[in-house]
Amino acid sequence: MTDNRRVDLHLHTVYSDGDLTPEALVTQAVALDLAAVAVTDHDTVMGVEPVRLAAEGTGVEVIPGVELSASRGLSDIHILGYCIDPTDPSLLRALELFRQKRYERALEMVRRLRQVGLPVRMDLVLGFAGDGSIGRPHVARALLEQRLIRDFEEAFLKYIGYNGPAYVPKHRLEPSEVFDLIRGAGGVAALAHAATLRRDELIPEFVAQGMQAIEVWHPRHEDGVWEHYRHLAEEYGLIMTGGSDSHGRRTGLPNFSEVEVTYASVRALKRAAGMRSEGR
Ligand code: AMP
Ligand code: ZN
Ligand code: FE
Ligand code: FE
């Protein structure tokens with residue numbers, strides 16, 4: 001076995017704001033001949049086990065993951081956790097709190113939308129979220145379903161985008177708290193799509209706080225950009241990860257025409273996760 005088999009280490013499912021079911025995700029992974037996929041839903045690990053079950057017998061390895069949000073000033077910092085124990089009690093407690101906060105946030109967004117004249121229904125928002133993490137895309141889908149907007153984008157452009165009248169910030173932790181949670185659950189923390197954050201100056205501090213990896217390959221990292229992050233990874237001794245960040249149909253199915261990530265990343269992540277638990 002060589003290490004250059006392809007993998008996708010950034011995928012969202014119906015358990016957060018993606019529209020890939022576990023079965024659809026695995027079907028796509030098989031079609032692309034991927035050796036491994038990481039399930040990285042926002043604020044939940046509920047999709048990990050269903051994807052594992054769907055992947056049984058296919059040869060696709062499933063890496064348990066999560067994508068958490070931290071804040072620093074106005075910046076929204078996305079942090080991926082890999083090789084976490086999805087049953088870790090502290091992690092699950094934190095995710096339960098996120099779930100509660102997301103519910104309250106959705107209620108507040110619905111209230112504000114009503115104030116600006118859009119009688120969006122909370123039951124529809126909840127229905128679109130299903131069992132998973134409720135987010136702005138579910139609010140957008142409800143608005144669309146009720147024909148209160150013309151297309152999905154309009155929700156963000158006019159109402160729930162960062163400067164919109166119904167935008168409510170998410171519950172977010174300090175980056176160091178997120179690193180602690182991920183490491184506490186036996187995992188490895190990676191800075192997600194660093195180019196969308198545009199705060200490279202924070203990287204040394206994150207490394208000192210326990211971040212061990214960085215997402216080098218991402219559809220929004222064009223040529224030149226990913227090379228830049230590869231150099232930073234080398235400079236700081238960070239594991240290089242990457243993936244399609246697919247949310248299903250909305251952002252395009254997982255596709256590897258642009259993103260080249262190999263099983264070498266998985267090996268490095270597993271080694272880092274394993275090394276720490278041995279050292280405990
Ligand atoms: P939330 O985590 O609830 O704040 O929702 C964030 C999600 O909303 C992101 O993962 C995107 O998928 C989606 N999103 C954010 N901005 C836009 C936009 N302008 N157009 C479409 N989807 C967006
Ligand atoms: Zn998302
Ligand atoms: Fe993200
Ligand atoms: Fe993502």
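As the structure is a prediction and not an experimental result, all values here were calculated from the model. One-based numbering, in listed order, for ligands and for the atoms of each. We number each residue from 1, following the sequence as shown.
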[X], N/O/S atom nearest the Fe ion (ligand 3):
| X | answer |
| --- | --- |
| H193 | NE2 |
| H78 | ND1 |
| E67 | OE2 |

What atoms of ligand 1 come closer than 4.0 angstrom to any heavy atom of [X]?
| X | result |
| --- | --- |
| D17 | 7 (C), 9 (C), 10 (O), 12 (O) |
| H42 | 10 (O) |
| F152 | 21 (C), 22 (N) |
| P137 | 5 (O), 7 (C), 8 (O), 13 (C) |
| R136 | 1 (P), 3 (O), 4 (O), 5 (O), 6 (C) |
| G135 | 3 (O) |
| R102 | 2 (O), 3 (O) |

Of all the atoms in H10, is at least one N, O or S atom closer to the Fe ion (ligand 3) than 2.8 Å? no

For A264, does its backbone N or O pair with a side-chain atom of T262 as donor and acceptor, under 3.5 Å? yes

Using the ring of F128 (Phe, Tyr or Trp, six-membered ring only), decide whether R121 places NZ or CZ under 6.0 Å from its centre and within 45 degrees of its axis.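 Ring-cation test returns no.
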
Picking from H42, E67, E215, what satisfies side-chain hydrogen bond (donor to acceptor under 3.5 Å, both in side chains) with H78? E67

Starting from [atom], which protein heavy atom do you reach first, and at what distance in Å?
| atom | value |
| --- | --- |
| atom 17 (C) of ligand 1 | F156 CD2, 3.3 Å |
| atom 12 (O) of ligand 1 | R250 NH1, 3.0 Å |
| atom 2 (O) of ligand 1 | K170 NZ, 2.9 Å |
| atom 20 (N) of ligand 1 | E153 OE2, 2.5 Å |

Would you call [X] and [Y] a salt bridge, using N to O less than 4.0 angstrom?
| X | Y | value |
| --- | --- | --- |
| R230 | E227 | no |
| E104 | R102 | no |
| R112 | E108 | yes |
| R5 | E61 | no |

Could you see which bit of H12 sits under 4.0 Å from ligand 1, with heavy atoms only: side chain, backbone, both or neither? neither

Examine the proximity of ligand 1 to R105 and report which part, side chain or backbone, both or neither, has a heavy atom under 4.0 Å away.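 Looking at R105 and ligand 1, just side chain atoms fall under 4.0 Å.
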
Could you check H247 against D19 for side-chain hydrogen bond (donor to acceptor under 3.5 Å, both in side chains), going step by step and ending with a plain yes or no? CA-CA 6 Å; H247 287 69; D19 51 27; over 6 Å; no

Mind checking whether the Fe ion (ligand 4) has an N, O or S of H12 under 2.8 Å? yes

Report the atom name of the nearest N/O/S atom of D245 relative to the Fe ion (ligand 4). OD1

side-chain hydrogen bond (donor to acceptor under 3.5 Å, both in side chains) between S75 and R199: does it pass, once the steps are laid out? CA-CA 8 Å; S75 297; R199 298 285 306 268; 2.9 Å; yes

Inter-residue atom distance D76.CG - Y162.OH, 0.5 Å rounding: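 D76 CG to Y162 OH: 4.0 Å, rounded to 0.5 Å.
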
Does one side chain, of Q100 or H171, offer a donor that lies under 3.5 Å from an acceptor on the other?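 No donor-acceptor contact under 3.5 Å links the two side chains.
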
For the side chain to side chain contact (heavy atoms under 4.5 Å, CB included) test, which of T40, I84, L181 pairs with V66?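 With V66 as partner, side chain to side chain contact (heavy atoms under 4.5 Å, CB included) holds for just one option, I84.
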
